[in-house]
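Quick notes on the structure that follows.
Note that the structure is predicted; figures quoted are calculated from it, not measured. All values below come from the heavy atoms of this structure, side chains included, with hydrogens, waters and symmetry mates left out. Just follow the structure's listing: the first ligand is 1, and inside any ligand the first atom is 1.
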Amino acid sequence: MDSTEFRKRGMEMVEYICNYLETLNERRVTPSVEPGYLRHLLPTEAPQEPEDWDQIMADVEDKIMPGVTHWQHPRFHAYFPAGNSFPSILGDMLGDGIGCIGFSWAASPACTELETIVLDWLGKAIGLPNHFLALKEGSTGGGVIQTSASECVLVTMLAARAQALKRLKAQHPFVEEGHLLSKLMAYCSKEAHSCVEKAAMICFVKLRILEPDENASLRGQTIHEAMEEDELQGLVPFFVSTTLGTTGSCAFDNLPEIGKELQRFPGVWLHVDAAYAGNSFICPELKPLLKGIEYADSFNTNPNKWLLTNFDCSTLWVRDRIRLTSALVVDPLYLKHGYSDAAIDYRHWGVPLSRRFRSLKLWFVLRSYGISGLQHYIRHHIKLAKRFEELVLKDKRFEICNQVKLGLVCFRLKGSDKLNEKLLSIINESGKLHMVPASVNDRYIIRFCAVAQNATAEDIDYAWDTIVDFANELLEKEQHDELSEIINRKKQDTLAQKRSFFVRMVSDPKIYNPAINKAGTPKLSMELPSPVVSRGSAPIIRTQSSVDHNSWISWPLAFLFYGNNEDKGSNVSLRFRHLDTNVRPSSSRRNSGAGSSPSPENELDYVNVQQQQQEQKSPRRSPMVVRKASGSRDTTN
Ligand code: PLP
């Protein structure tokens, strides 16, 4: 393709994108395809010879689009918004056209300098303290664009880990780094995004996952008690990840309380993950939600979620950039340049070396909307969410399950989790709306998020009408099913009564022979709660905290330790959140000495988490472990 054709095709592409976005509401929100659908439509090998552009674009419409979930659709209310706007698309296009790789200042000075300036702009607009801004006199901090919030959490945890290990090494110069590492403990709430757990896995550190209060907010006292308890057991708290605007219900951890408590634990890194909500702090009336930020060591928000900027653009600010970069710096000769000491080299601020010119799109967005335009956009989404909340509240069959502060409303039908699962499932299957569930306070809830840039009040009303239609249908069916069940049961009872006692004796010997009854009882093995495990100088892990709050520890790769024969008696439960399952390696496997990922094939016992939580709430009942045949997975729901 030469530049003449690029001009032509470029205009066609802009036309295609505009058309796509303008006619989105004519499409299903979610595709109606099965896994592997595309494999049947495309050849198994790349073409040997060049193909015609028109043919490629025809395939986009015929083969790709049927498998696309339309995140910009006005009826898409799942997850959080995927930022998108014309200025941002054009900024990305320019960045792609320039095609530089800005890993150091010298590799493309404008790429680095614009990033620093734009991050200072946004940081100021959000209301971050001066020490987070790179260009403020005397500041040691600064901002950087990362690919995702997950990466922000990971790099800050890596920095905190490096800092903690350095401190411990200075105190215990003759103790191996590996041993010091085994003492480190990170903390977050049960409502924190799973990326915190993933970061802990990558950093090879333990993570204590704490129970928030009834508003899904992590409290200072909970953190304090957990840390004190861990310190008594020889562990070293080093990192706390708090969330402003949780993924499940947009709840806010109590940052002022947590920040104050952490004053008693100097050296612990306090991170604030505000992936979605952080963008809204550009509105003065929402700045109180940022209270406590003065205690934080780092803060991240994703303009690619709620600031009209396309993925990827996750912004991270740190109080002390040296503490971040010293954990990540590697300096081979071929990357050095004459201004290494005078300029920022963003390659030391993250995992990848190569970096796109991502600040361009954010710069385009900030300039073309202005802070006032972006404030208007945020306020518009909050207004839509409030409208939806009002509609839900008017229908007594439903309830609201979160404090609606921003654009997310959590709601459910009053009734069982199963009923709500059914409701969401039929709505999503219809392709008319798309929402996703979450678990808040151990209840299944449906999340409704204002997402589309130009969503209107009519879109919200349409969504509510659709939900009500499906709910009516479902409740009617449930009522009908319940009625049929009662009638059926009655019929069966009558039939049973009609059977003579003699017939029952013959056909059901269990009635008169208790020995048969006893033999027929299903076998369930009973186990006591997991005890404290203490092995010489190794870390002591409790699954059921002795302090009042519930907590559990994500201990990445802990199962590797089961190869050790010393561990024969130990019985540590590990929680794997992605499976929503507790895993307890069976004794046969513990003794086998093999180290591999936990999986049903490895003869692990799965304990239903909810069941365990129930048991923790009523401690007199022994937790019940349902043993399964090897290879079959039983979540005992
Ligand atoms: N943190 C929070 C609070 C989130 O809501 C999300 C995603 O929704 C993430 C982290 C992960 O974001 P990313 O996809 O940018 O890693």
Note to self: Please identify which of these residues, F448, F398, F470, meets the ring pair (Phe, Tyr, Trp, His ring centres under 6.0 Å) condition with W464.
What the structure shows: F398

Next item on the list: State, to 0.1 Å, how close I445 and G248 come at their nearest heavy-atom pair, and which atoms those are.
Entry: CD1-O, 4.1 Å

Note to self: Just to check, does G245 reach to within less than 4.0 Å of ligand 1 when the distance is taken from its heavy atoms?
What the structure shows: yes

Check: Pick one: which of V318, L262, V240, L270 meets side-chain contact (heavy atoms from CB on, under 4.5 Å) with D297?
Finding: L270

Margin query: Looking at ligand 1, would Y276 count as a contact under a 4.0 Å heavy-atom criterion?
Written below: no

Item checked: Test: R412 cationic atom under 6.0 Å from Y444 six-membered ring centre, within 45° of axis -> no

Next item on the list: State which residue, out of T242, T222, D230, fulfils the side-chain hydrogen bond (donor to acceptor under 3.5 Å, both in side chains) condition with Y187.
Entry: D230

Checklist line | Nitrogen or oxygen of T243 less than 3.5 angstrom from that of ligand 1 | finding: no

Item checked: Any T246 heavy atom less than 4.0 Å from ligand 1 -> no

Checklist line | For ligand 1, the portion of N302 having any non-hydrogen atom under 4.0 Å away | finding: side chain

Note to self: Just to confirm my output: which protein heavy-atom neighbour is closest to atom 6 (C) of ligand 1, and how far is it?
What the structure shows: H193 CD2, 3.3 Å

Item checked: Under 4.0 Å to a heavy atom of S148 - the qualifying atoms of ligand 1, by number -> 13 (P), 15 (O), 16 (O)

Check: What residue and atom, counting heavy atoms only, is the protein's closest point to atom 1 (N) of ligand 1, and at what distance?
Finding: D273 OD2, 2.6 Å

Margin query: Has D120 got a side-chain atom pairing as donor or acceptor with A134's backbone, closer than 3.5 angstrom?
Written below: yes

Notebook entry, point to check: Can you tell which part of K305 has a heavy atom less than 4.0 Å from ligand 1: side chain, backbone, both or neither?
Noted result: side chain

Check: What do you reckon, does A149 have a nitrogen or oxygen under 3.5 Å from a nitrogen or oxygen of ligand 1?
Finding: yes

Item checked: For atom 16 (O) of ligand 1, the protein heavy atom that lies nearest, with its residue and separation -> S150 OG, 2.4 Å

Check: Which heavy atom of V68 sits nearest a heavy atom of P31, and at what distance?
Finding: O-CD, 3.5 Å

Margin query: Does the plane of the ring in H381 sit parallel, tilted or perpendicular to the ring in W306? Use 30° and 60° as the thresholds.
Written below: parallel

Notebook entry, point to check: Considering only the protein, which heavy-atom contact is closest to atom 4 (C) of ligand 1, and what is its distance?
Noted result: T247 OG1, 3.2 Å

Next item on the list: Could you tell me which atoms of ligand 1, counted from 1 in the order shown, lie closer than 4.0 angstrom to a heavy atom of F80?
Entry: 5 (O), 8 (O)

Notebook entry, point to check: Taking E191 for the side chain and A251 for the main chain, is one N or O donor matched with an acceptor at less than 3.5 Å?
Noted result: no

